[in-house]
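Working notes, structure below.
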Amino acid sequence: MALTAHTLEILFYSTLAFFVLAECFLTALHSHKADAKAGEIPEDFAGRTSEAAQRRAANYTGEVAQAELLLVFAGALFAWLMTYGQGLTVLAAASTAILGPGQAAQWLTLAVLLLLALIVEFPLGWYMRQRVKKSYGVKRSVAKRALLRGIRETVAGYLAALPLIALSLTVFDFAGDYWWLLLWVAWLLYLFWRRQLGIVYGLFRHRRIRPVRDESFRAMVRDFLASEGFTMTDLVVTNRPRLWKHSHVVLAGWGKRRRVVIFSHAMQVLTPTEILALIAHDVGHIRHRHTLLRTTVLALWGLALAAFAGWGSTHGVFFEGFGVSRHVTFHTGAANAGWVLAVAIATFPIIFYPFTPLRNLLARALQYDADLYGARLVGAGPMIRALVKLHRDYSSSLWPSHLYSLFHYSRPHVTMRVARLRKYLKDSGQDPEQPVVYSNFDRRKYAAASIGDQHRGEISPQSPSTR
């Protein structure tokens, strides 16, 4: 059945309504869960927070969720204004009147559209989040610094995007009706950089690397990796890049040769066995080919979106279906890539919102699988202790709504990961401190590293050096 403008209109309004109503429901559910569990502290987190702190965290969680809900309303209103509010039609008409039909007008439309989106999202988002943080005393002292850094990064990113958009439109126009295939290739290159090249090369760029000199620990890690079929080329510690929000340990490299990178915050608080559990977690990702699986799924998803955009560039009903005048944006024989991308920026986050849980389900399933892999090889106890020690955000509730997190977080909350490991221990009957199998590796041979389990700081990076 061919898509019609009326079908796309129904799709847009349906998903727009679902987006707003679902976020209202999820926010209420998340706030209620945090409030209902405010007096409870998970057993593994006892001693790290208090009931009074958790009550405050529950209130903070609710207010943050409500502040985010205002951004949802603003985003929905912006999407409507740009489509059926005739915003894109006006922008396209004005750009065409100024620069004439062609790539220049499309570039100007995209530039103004992105600027308007930033004007709506950044100031409102920063104000709402900082207002809540200030009222609860969370990061009050660095608010100004964070604002200035955010402004600099936003402006720099926007200015860098402008020539990239111009270049892309030129290339797309040269490709004609198959421009969307080039868009997909660009997406594949980005995934390859993000999932592999960035880890191998970008992680160490302009960063101070310090070797770990504890020979017992180095031998333990080297022999553990060897038992799993890997060769350790080096064991180093460095500060975690600011954009790396989740990683604590990285196995950088190609194939079976890996450089073990431990971020300094993990080195400061974890024992050798707990660090080994994190390394085993990353080994699980590699052995079970999680990166390949995620990349394949994202590549196919990108292909579907690019193909839909390519279809839209050759069918005027695409523009009519999203409330944009085809008389301004649709030109037979032209690539129309800029006009399609403008419509995509305004509408795709809304119409593909219902697929968000599927993407997050895959990501967290891989995370759980890697946790269990590490627990089997090193022991669930060290894995649980590592997760608990590395959790820092006690300003938010330790009891997030599972449904809310499924829509908002690609990774499960630390309490969910700990609960999954506890369930594994209960079902399997495994000793928390012992692996299921040692294979060719037995960490009991490493007496010095075992002593380090009782004395934090036993392993320490020394002799700072550059790359």
Side-chain angles (χ1 to χ4, degrees), residues 21-72 128-129 131-139 245-246 248 265 269 274 277-278 281 356-372 374-375 380-427 432:
L21 294 176
E23 285 297 316
C24 289
F25 172 74
L26 293 172
T27 299
L29 192 65
H30 188 50
S31 301
H32 175 74
K33 175 73 175 292
D35 185 67
K37 292 283 191 176
E40 300 180 31
I41 300 176
E43 180 181 353
D44 293 287
F45 293 84
R48 295 183 174 274
T49 185
S50 64
E51 290 188 11
Q54 278 303 292
R55 166 54 63 185
R56 184 178 179 84
N59 296 335
Y60 174 74
T61 298
E63 291 205 27
V64 168
Q66 292 165 29
E68 296 289 345
L69 186 60
L70 292 179
L71 291 178
V72 168
M128 294 307 304
R129 296 183 188 105
R131 183 189 66 80
V132 178
K133 289 181 179 182
K134 184 176 181 179
S135 64
Y136 283 86
V138 179
K139 296 182 179 180
K245 297 181 179 180
H246 302 291
H248 309 291
H265 68 280
V269 300
E274 291 160 2
L278 296 182
H281 171 100
T356 302
L358 297 178
R359 180 193 64 196
N360 291 342
L361 269 176
L362 173 64
R364 60 183 51 203
L366 301 183
Q367 198 72 9
Y368 287 138
D369 183 59
D371 281 346
L372 292 179
M383 178 66 72
I384 291 173
R385 290 195 297 273
L387 293 175
V388 171
K389 287 181 180 180
L390 291 172
H391 181 67
R392 298 180 177 182
D393 184 18
Y394 288 97
S395 61
S396 299
S397 173
L398 291 173
W399 301 97
S401 162
H402 286 225
L403 192 57
Y404 181 90
S405 66
L406 188 59
F407 273 82
H408 288 266
Y409 309 123
S410 62
R411 292 178 177 239
H413 190 272
V414 63
T415 53
M416 299 177 187
R417 295 173 66 182
V418 170
R420 182 64 64 95
L421 288 169
R422 286 294 180 190
K423 184 178 185 300
Y424 160 72
L425 285 174
K426 182 179 178 180
D427 294 342

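The model shown is predicted, which means the values in this text are computed figures rather than measured ones. The figures that follow rest on heavy atoms only: side chains count, while hydrogens, waters and symmetry mates do not.
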Please check this pair: side chain of [X] against backbone of [Y], looking for a donor-acceptor N/O pair closer than 3.5 Å.
X      : Y      : value
Arg48  : Tyr394 : no
Thr61  : Ser397 : yes
Ser405 : His402 : yes
Thr415 : Leu398 : yes

Measure the shortest side-chain to side-chain distance between [X] and [Y] over non-hydrogen atoms and say whether it is less than 4.5 angstrom.
X      : Y      : answer
Asn360 : Tyr409 : no
Asp44  : Leu387 : no
Leu71  : Glu68  : yes
Val72  : Thr27  : no
Arg420 : Asp371 : no
Leu70  : Gln66  : no
Gln54  : Ile41  : yes
His413 : His391 : yes

Please give me the minimum heavy-atom distance between [X] and [Y], naming the atom from each residue.
X      : Y      : value
Arg417 : Pro412 : CG-CG, 3.6 Å
Ser31  : Ala65  : OG-CB, 4.3 Å
Ser401 : His30  : N-ND1, 3.3 Å
Ala34  : Ala58  : O-CB, 3.3 Å
Pro400 : Met416 : CG-CE, 3.8 Å
Ser410 : Ala363 : O-CB, 3.3 Å

So, His408 versus Glu23: side-chain donor-acceptor pair below 3.5 Å or not?
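Result is yes, a qualifying pair exists.
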Checklist line | Stepwise side-chain contact (heavy atoms from CB on, under 4.5 Å) test for Glu274 and Val269 | finding: CA-CA 10 Å; Glu274 291 160 2; Val269 300; over 6 Å; no
More than 12 non-hydrogen atoms from neighbouring residues, nucleotides or ligands closer than 6.0 Å to CD on Glu51, yes or no?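 12 or below, so no.
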Step by step, work out the side-chain contact (heavy atoms from CB on, under 4.5 Å) result for Asn59 and Arg55. CA-CA 6 Å; Asn59 296 335; Arg55 166 54 63 185; 4.0 Å; yes
